[in-house]
Protein chains: 2
Amino acid sequence: MKEIKSADAEVYIKRYELDKVFPEHFRPLMKVYQFKKGNVLFSAGEELEEIYILVDGKIKIFTLTPEGKSLINRFKRPLELIGDVEYVKRNTVFNSVEAVTDGVMLAASFADLANLEQDHPPFTRFLLETLARKFYTEAHTTNLNMLYPVEVRLASYLLSISSVSEGTIFHQEMHTSNLMELAEWLGTSYRHLNRVLKKMATDNIIERANGSIAIKDLEKLSILAKGNIYE
Amino acid sequence: MKEIKSADAEVYIKRYELDKVFPEHFRPLMKVYQFKKGNVLFSAGEELEEIYILVDGKIKIFTLTPEGKSLINRFKRPLELIGDVEYVKRNTVFNSVEAVTDGVMLAASFADLANLEQDHPPFTRFLLETLARKFYTEAHTTNLNMLYPVEVRLASYLLSISSVSEGTIFHQEMHTSNLMELAEWLGTSYRHLNRVLKKMATDNIIERANGSIAIKDLEKLSILAKGNIYE
DNA sequence: TTTTTGAAAGGACATATGTCCTAAGTAGTT
DNA sequence: AACTACTTAGGACATATGTCCTTTCAAAAA
């Protein structure tokens, strides 16, 4: 990750309405970093000294076992805080983070933030609200993962990226760019995702043509999803 | 849950060193509730108006699917906050809560707490630290559950409640009072827990005698747990 | 002591999902 | 066009875990 000294945090602070959180006098203390697709941004166990704010791009958060194999993860887009828990608990990094696309982060040092907290309550409040949202989302996703099989989760996911208007189904941007990533997103293996996709195709719920997935029967899909909404 | 007007929050505030969090002038606004084993304390979807602080007893936090069946849960002992996320996000209750033993909660209304936040930053900080800890623990447990089979988790659990001294193994208090509860704690079915226990007994790692579990081979257990520590 | 009840234990079977491999398709590069 | 690399697709098999039942057992109640 490379610091861009010429860049100004200002633009991003405006864009994401962070001006109440970071007062004028604090902004010169903030840095702007740029990262490239594929960069390993943080590794579990590392010592952190700054909080990072994802303001552009997409990242992947995952856990590696000591045995090196399995992983669990989420994809994150702006606005997302990295290192908030580490800042509050003064822990080492818990999850590893990798860049899925090019992107930009703002950063502020733990020390500066601790000072900021002394005379600027909105920042503490911001942290609190961020964490509450994270906790809620995390719990929601975990429950979904543990309570329902991949088929249901996939159905929910497809519903979440589709919207219907005048009988036509529009696909919003997929959170994932290919099936492997989709498998990771759903927390399953690529092989299994394929199996489930095949079943849905056989049941005439979706149709697969050259790598893309088209919804054929929205109603059946809704029934499958059991009213769950992903994210 | 029954309010005990005669009771005083003071004792508990002392015991858990909450005096910096709740200043003198705020304490008269706090209530003391008593609950009985088996009471359903909160149900998912309910509207909350107070934050609750578990100061005595054991509770169970779980999720029910609309289909009524499966559940996921954790057991909690003091000191634990209930309703913190709900307070910050103004959501309805996310998980249901049930009393496992008799116990006591302190409570303070959202409205009073919002006022407190205005002129008493330590409370916001307390919320933040609590949430960070919760988030961390939650993530840790989730990872453990998703990455390792029940056998490993059970091994970790047994290790976590055992301590060795001069060649003798001491069992600390189990978090659970019977095998069904242990199965819930581990997030598996009772049947499966039994299967795994049997395997461990066959492998001479543990020994089962009239309902209790004794560790026979600590080393094998440690290898099985792969260095993971539960909670 | 007999009866009842709930916990403990496990057999039989089904299902979700993972791992390992192979093959076919597609796009980019030489 | 030939080659390479990556994605898609799926066969074969193993494993973790769930569901449903039955039996055993021990403690509590009659």
Side-chain angles (χ1 to χ4, degrees), chain A residues 37-38 62-65 67-73 100 144-157 174 176-203 206-214 224-226 228, chain B residues 37-38 63-65 67-73 100 143-157 174 176-203 206-214 224-226 228:
Chain A
K37 174 176 177 170
F62 61 99
T63 309
L64 292 171
T65 70
E67 299 85 57
K69 299 255 306 184
S70 2
L71 72 179
I72 285 171
N73 55 20
V100 176
L144 217 61
N145 280 337
M146 308 225 34
L147 289 170
Y148 298 101
V150 172
E151 188 172 29
V152 174
R153 276 137 62 199
L154 175 59
S156 306
Y157 172 77
M174 290 249 259
T176 53
S177 55
N178 62 27
L179 288 187
M180 298 232 197
E181 220 178 272
L182 179 53
E184 290 188 354
W185 172 277
L186 292 172
T188 188
S189 65
Y190 170 71
R191 175 67 189 91
H192 192 58
L193 170 60
N194 239 309
R195 194 153 23 209
V196 173
L197 279 171
K198 166 137 202 202
K199 177 153 181 293
M200 282 176 136
T202 306
D203 295 350
I206 60 167
E207 194 165 34
R208 275 195 292 182
N210 44 302
S212 85
I213 299 166
L224 243 190
K226 300 186 185 182
N228 289 110
Chain B
K37 174 176 178 171
T63 310
L64 291 170
T65 69
E67 299 85 56
K69 297 260 302 188
S70 3
L71 71 180
I72 285 170
N73 54 24
V100 176
N143 282 356
L144 216 61
N145 280 336
M146 309 226 30
L147 289 171
Y148 299 100
V150 172
E151 190 173 27
V152 175
R153 276 139 60 201
L154 175 58
S156 307
Y157 173 75
M174 290 250 263
T176 53
S177 54
N178 61 28
L179 289 188
M180 298 234 194
E181 222 178 89
L182 179 53
E184 290 188 356
W185 173 277
L186 291 171
T188 188
S189 64
Y190 171 72
R191 175 68 191 90
H192 192 59
L193 170 60
N194 240 312
R195 194 158 18 215
V196 174
L197 279 171
K198 167 137 200 204
K199 178 152 180 295
M200 285 176 137
T202 306
D203 295 349
I206 60 167
E207 192 165 37
R208 277 195 289 182
N210 43 303
S212 86
I213 300 166
L224 244 189
K226 300 185 185 178
N228 289 112

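Per chain, numbering begins at 1; letters A, B, ... match sequence-line order.
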Whole angstroms only, please: what is the [atom1]-[atom2] distance between [X] and [N]?
| X | N | atom1 | atom2 | answer |
| --- | --- | --- | --- | --- |
| Leu193(B) | dA7(C) | CG | P | 14 Å |
| Leu182(B) | dA9(C) | CG | C1' | 15 Å |
| Leu179(B) | dC25(D) | CG | C1' | 14 Å |
| Arg191(B) | dT15(D) | CZ | P | 18 Å |
| Ile213(B) | dA7(C) | CD1 | C1' | 13 Å |
| Glu184(B) | dA7(C) | CD | P | 12 Å |
| Leu154(B) | dT17(D) | CG | P | 11 Å |
| Glu207(B) | dA8(C) | CD | P | 17 Å |

Report the nucleotide, chosen from [options], that has the shortest atom-to-atom distance to any side-chain atom of [X].
| X | options | result |
| --- | --- | --- |
| Pro149(A) | dA9(D), dA7(C), dT17(C) | dT17(C) |
| Tyr190(B) | dA9(C), dT8(D), dG10(C) | dA9(C) |
| His192(B) | dT7(D), dA9(D), dT17(D) | dT17(D) |
| Asn194(B) | dA9(C), dT19(D), dT17(D) | dA9(C) |
| Met180(B) | dG11(D), dT8(D), dA7(C) | dA7(C) |

- How many angstroms lie between atom CG of Leu224(A) and atom CG of Leu154(A), to the nearest 0.5 angstrom?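 The CG atom of Leu154(A) is 8.5 Å from CG of Leu224(A), to the nearest 0.5 Å.
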- Select base, sugar-phosphate, or nothing to describe what Ser189(A) touches, counting heavy atoms under 4.0 Å on all strands.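 Base contact.
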Tell me whether the OP1 or OP2 atom of [N] has a side-chain N or O from [X] closer than 4.0 Å.
| X | N | value |
| --- | --- | --- |
| Thr188(B) | dA16(D) | no |
| Arg208(B) | dG10(C) | yes |
| Lys198(B) | dG10(C) | yes |

- Query: If you look at every heavy atom in Arg153(B) and Leu144(B), which pair is closest and at what distance?
  - Reply: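 Shortest heavy-atom contact: CD-O, 3.6 Å.
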- Closest heavy-atom contact between Glu151(B) and Met200(B)?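 Nearest pair, atom of Glu151(B) first, then Met200(B): O-CE, 4.0 Å.
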- With Lys198(A), which residues qualify under salt bridge (charged side-chain N to carboxylate O under 4.0 Å, His left out), at least two apart?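 In terms of salt bridge (charged side-chain N to carboxylate O under 4.0 Å, His left out), with neighbours along the sequence ignored, Lys198(A) is linked to no residue.
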- Message: Which residues pass the side-chain hydrogen bond (donor to acceptor under 3.5 Å, both in side chains) test with Asn194(A), not counting sequence neighbours?
- Response: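 Asn194(A) satisfies side-chain hydrogen bond (donor to acceptor under 3.5 Å, both in side chains) with Tyr190(A), Arg208(A) only.
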- State whether the distance check finds a donor on one side and an acceptor on the other, under 3.5 Å, for side chain Arg195(B) versus base dG11(C).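 No.
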